[in-house]
Number of protein chains: 2
Amino acid sequence: MNLKELAENLGLSQTTVSRALNGYPEVSEATRVRVLQAAEQYNYRPNTRAKGLATGRSMAIGHVISTSTKTELVNPIFADFIAGAGETYAKNGYDMLLSIVSDDEEARVYRDLKAKGTIDGIIIHAPKVNDLRIPLLQQLDLPFLVHGRSSRGSSDYAWVDVNNEQAFQRATEFLLDLGHTRIALVNGDENIDFAKKRRDGFLSAMKTRGVDVRPDLMRSDDMTEVHGYVSAKDMLAFDVPPTAFLVASTITAYGVRRAIEESGKVMGREISVITYDDALSYFRNGNEVPVFTATRSSVQEAGRISAELLLEMIANPGLGPQQRLLEAQLVIGKSTAPAPKD
Amino acid sequence: MNLKELAENLGLSQTTVSRALNGYPEVSEATRVRVLQAAEQYNYRPNTRAKGLATGRSMAIGHVISTSTKTELVNPIFADFIAGAGETYAKNGYDMLLSIVSDDEEARVYRDLKAKGTIDGIIIHAPKVNDLRIPLLQQLDLPFLVHGRSSRGSSDYAWVDVNNEQAFQRATEFLLDLGHTRIALVNGDENIDFAKKRRDGFLSAMKTRGVDVRPDLMRSDDMTEVHGYVSAKDMLAFDVPPTAFLVASTITAYGVRRAIEESGKVMGREISVITYDDALSYFRNGNEVPVFTATRSSVQEAGRISAELLLEMIANPGLGPQQRLLEAQLVIGKSTAPAPKD
DNA sequence: GAATCATTTGAAAGCGCTTTGGTTAACACC
DNA sequence: GGTGTTAACCAAAGCGCTTTCAAATGATTC
């Protein structure tokens with residue numbers, strides 16, 4: 001069933017039917033009702049492509065997820081982020097277009113999406129400290145929003161980010177308050193901005209308290225379980241091992257925990273752990289009492305907010321780039337305890 | 001830059017330019033080269049919507065992920081599945097459209113996607129034992145493929161699935177061979193077909209060997225970490241606790257492991273664990289030696305194959321529904337040992 | 001009763017592409 | 001020279017919608 005057929009069925013012009021369906025005022029209430037009923041009855045839905053062609057808008061938002069060509073990892077936090085965003089899109093009649101792109105092709109993909117007119121806006125993830133995608137998108141004149149921030153370069157773009165520096169600074173202070181000084185940092189890939197910021201927060205807290213930072217207690221890599229395991233296992237074998245770990249994700253924290261237990265120590269007694277917790281739906285940090293003491297911020301919530309801001313910017317082009325800084329909560333779990341006296 | 005402008009620039013008609021770009025034979029080699037060069041130079045990309053309107057195809061595949069209205073969980077295995085599928089789509093010029101839908105709206109969403117012509121085909125996930133989506137999609141005349149199978153109802157539809165029954169049967173036999181008889185099943189939600197099949201495999205192996213199955217050693221729920229923890233903790237507190245766990249996912253297995261360690265026992269010594277391993281990229285089952293003995297099948301691979309089969313079916317409508325049964329591998333890790341003698 | 005106005009409707013153009021059904025020119029053949 | 005054939009190109013219709021501009025109708029005003 002298309003508009004023409006529907007109009008013929010009703011004995012009306014396409015114009016009138018289109019107007020009735022789209023809520024324009026120049027239609028008598030009687031015919032509007034008649035049209036809506038008929039549309040319902042025949043289950044009429046306007047063809048997306050035709051509508052888009054006529055209006056110049058595609059009613060779709062792109063999400064580009066870049067996988068490094070080498071590692072081919074897909075971060076599961078995307079699943080939750082996208083769930084949050086998808087909800088907002090659905091509510092506003094937008095579709096979500098997903099592109100999985102190897103990082104050497106990203107520039108081409110953006111240009112194509114713009115030139116082909118596939119999408120009205122785009123959300124990008126995990127920006128690097130100095131991310132070239134941002135100037136590229138600025139120049140492309142395609143509304144976009146960054147999940148995260150990029151420290152260097154222009155700051156005149158839309159983003160939604162967590163206050164990562166503050167989160168890890170507080171976490172570090174908490175460990176210091178417990179008497180820990182040999183604190184290890186099992187970070188994400190520090191080429192990515194958020195990991196860099198977390199490191200900054202860690203270092204800043206240590207410096208403020210005048211505690212020496214041992215470079216051999218800092219690791220940085222993709223936030224897999226194995227990364228946590230390997231890093232912790234390695235450091236626990238030191239002559240003077242760390243007494244606490246600051247970890248970048250619950251997944252990695254599970255690896256750290258595995259190494260701790262393998263070493264015969266007990267987490268939350270001899271060894272303390274604080275992790276960043278994205279509140280992943282399949283990876284809740286325990287049920288009642290959190291397993292890990294954690295800096296928590298829901299990535300699903302971030303997805304929802306990101307989508308809302310982007311749609312807002314698309315609706316009001318004069319609005320300028322929207323930005324939102326979320327604060328992580330420090331929740332106390334069973335993984336932290338005072339530093340052992342030795 | 002659109003086709004008209006490009007054609008004017010070249011002093012050719014839109015017809016000829018379109019033909020040159022799409023590889024039709026009625027164009028001289030000289031002009032084809034000229035056209036391609038110009039297109040390259042102006043970075044011309046045909047407008048997706050216009051092309052779709054003219055051809056009647058949208059060059060997009062929909063993925064519908066349903067979240068139960070109650071739990072709002074987003075299974076991270078989708079991230080990997082989608083990564084696999086996305087690769088195939090990109091290679092073939094298709095876009096991927098993602099819908100996150102609460103389960104009470106699914107039927108409407110399918111009808112809409114079909115009526116609006118947004119997509120050329122659809123992939124659905126996690127079918128129930130008796131899944132109503134399948135007859136609905138059959139009736140809608142929209143090419144579709146199911147990731148998983150639905151035991152009841154017509155079997156005349158396209159699917160890609162793992163031989164779940166066989167996988168868990170083998171895993172159970174392996175535990176029985178090690179002398180375990182008190183084997184607990186920490187399964188996924190058994191309303192979903194794959195979980196049902198795994199249970200069948202488990203029961204079939206137990207029955208064949210004449211080992212009694214204790215109903216209180218079987219749990220079924222969403223495959224979260226917490227589900228594993230709570231189930232295992234509960235069962236380990238029994239007067240006669242299980243000596244082995246058969247678990248539905250690595251994530252859940254981490255919960256089981258947490259409970260085991262909390263109980264003061266050691267996994268791979270007093271307690272054995274076998275898990276199903278989807279080979280999630282952020283959740284590799286250990287590095288060299290697997291942490292868990294596991295039945296492994298890559299969900300990313302399943303995504304790739306699913307996308308390939310669906311595109312094939314779209315390209316050749318006469319082909320009939322494609323189906324592919326993948327076998328899981330039984331890999332031996334550090335989590336299994338002979339049953340303790342008591 | 002004529003002029004004005006608001007209300008409601010419709011014809012047709014246009015969005016950017018593909019594709020049908022030509023047309024033209026060059027060439028070969030008898 | 002006339003007839004076919006082929007290669008290369010183009011004009012225009014059509015995909016299903018929105019939107020501009022015009023027209024018809026009935027109500028209102030003087």
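Just so we're on the same page: letters track the sequence lines, and every chain starts at 1. The figures here come from the full heavy-atom set of this structure, side chains too, leaving out hydrogens, waters and symmetry mates.
- Partner of B:His63 under the ring-ring contact (aromatic ring centres under 6.0 Å, His included) criterion, chosen from B:Tyr89, B:Phe78, B:Phe144, B:Tyr94: B:Tyr89.
- Sequence neighbours left out, not one pair with a member in residues 29-59 of chain A passes ring-ring contact (aromatic ring centres under 6.0 Å, His included).
- Axis deviation across the helix from C:dG1-D:dC30 to C:dC30-D:dG1 amounts to 60°, comparing end segments of five pairs, rounded to 10 degrees.
- A:Asn92 places a side-chain N or O within 3.5 Å of a backbone atom of A:Thr88 that can act as its donor or acceptor partner.
- Between D:dC10, C:dC17, D:dT18, one nucleotide has an atom nearer to the side chain of B:Leu3 than all others, and that is C:dC17.
- Judged by atom type and distance alone, A:Ser18 does not reach the base of D:dT19 through any side-chain donor-acceptor pair under 3.5 Å.
- Listed for the A:Tyr157 side chain is a donor-acceptor partner under 3.5 Å among the backbone atoms of A:Ser150.
- A donor-acceptor contact under 3.5 angstrom links the side-chain atoms of A:Thr15 to the base of C:dA11.
- Atom CG of A:Leu21 is separated from atom C1' of D:dC17 by 11 Å (rounded to the nearest Å).
- Taking 4.0 angstrom as the limit, A:Thr55 places none of its side-chain polar atoms (N or O) nearer than this to OP1 or OP2 of D:dT18.
- In terms of modelled atom types and a separation under 3.5 Å, the side chain of B:Glu106 and the main chain of B:Ile65 share no donor-acceptor contact.
- One interatomic measurement links the two molecules: CG of B:Asn47 to P of D:dG16, which rounds to 17 Å at whole-angstrom precision.
- One finds no side-chain N or O of A:Lys51 lying less than 4.0 angstrom from the OP1 or OP2 phosphate oxygen of D:dG16.
- Across the protein-nucleic acid pair, A:Gln14 atom CD and C:dG10 atom P stand 11 Å apart, rounded to whole Å.
- With A:Arg45 contributing its side chain and B:Ala115 its backbone, the two residues share no donor-acceptor pair below 3.5 Å.
- The distance between atom CG of A:Leu6 and atom C1' of D:dT18, rounded to the nearest whole Å, is 15 Å.
- Taking the side chain of B:Asn2 as heavy atoms from C-beta on, and the options C:dT9, D:dC17, C:dG16, the nearest nucleotide is C:dG16.
- B:Phe81 pairs in a side-chain contact (heavy atoms from CB on, under 4.5 Å) with only one of the listed residues (B:Ile123, B:Asp278, B:Val160), which is B:Ile123.
- At whole-Å resolution of the value, CZ in A:Arg19 and C1' in C:dA11 are 11 Å apart.
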Item to complete: Evaluate salt bridge (Lys or Arg N to Asp or Glu O under 4.0 Å) for B:Asp193 paired with B:Arg149, printing each intermediate quantity in order.
Response: CA-CA 7 Å; B:Asp193 197 81; B:Arg149 274 173 294 171; 5.6 Å; no

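- An OP1 or OP2 oxygen of D:dC10 is reached within less than 4.0 angstrom by a side-chain nitrogen or oxygen of B:Ser13.
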Item to complete: Could you walk me through whether A:Phe194 and A:His147 pass the ring-ring contact (aromatic ring centres under 6.0 Å, His included) test, one step at a time?
Response: CA-CA 10 Å; A:Phe194 78 86; A:His147 175 214; 8.7 Å; no

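- With C:dG16, D:dC17, C:dT9 as the candidates, the nucleotide lying closest to the side chain of B:Leu53 is C:dG16.
- Across residues 23-31 of chain A, A:Tyr24 each have a non-hydrogen atom less than 4.0 Å from an atom of DNA chain D (numbered order).
- Straight-line distance from the CD atom of B:Glu8 to the P atom of C:dG16: 12 Å, rounded to whole Å.
- Per the geometry, CZ belonging to B:Arg57 stands 18 Å off C1' belonging to C:dG16, to the nearest Å.
- One can place CG of B:Leu10 at 10 Å from P of D:dC10, the figure rounded to the nearest angstrom.
- Between A:Glu301 and A:Ile305 the shortest side-chain heavy-atom distance falls below 4.5 Å.
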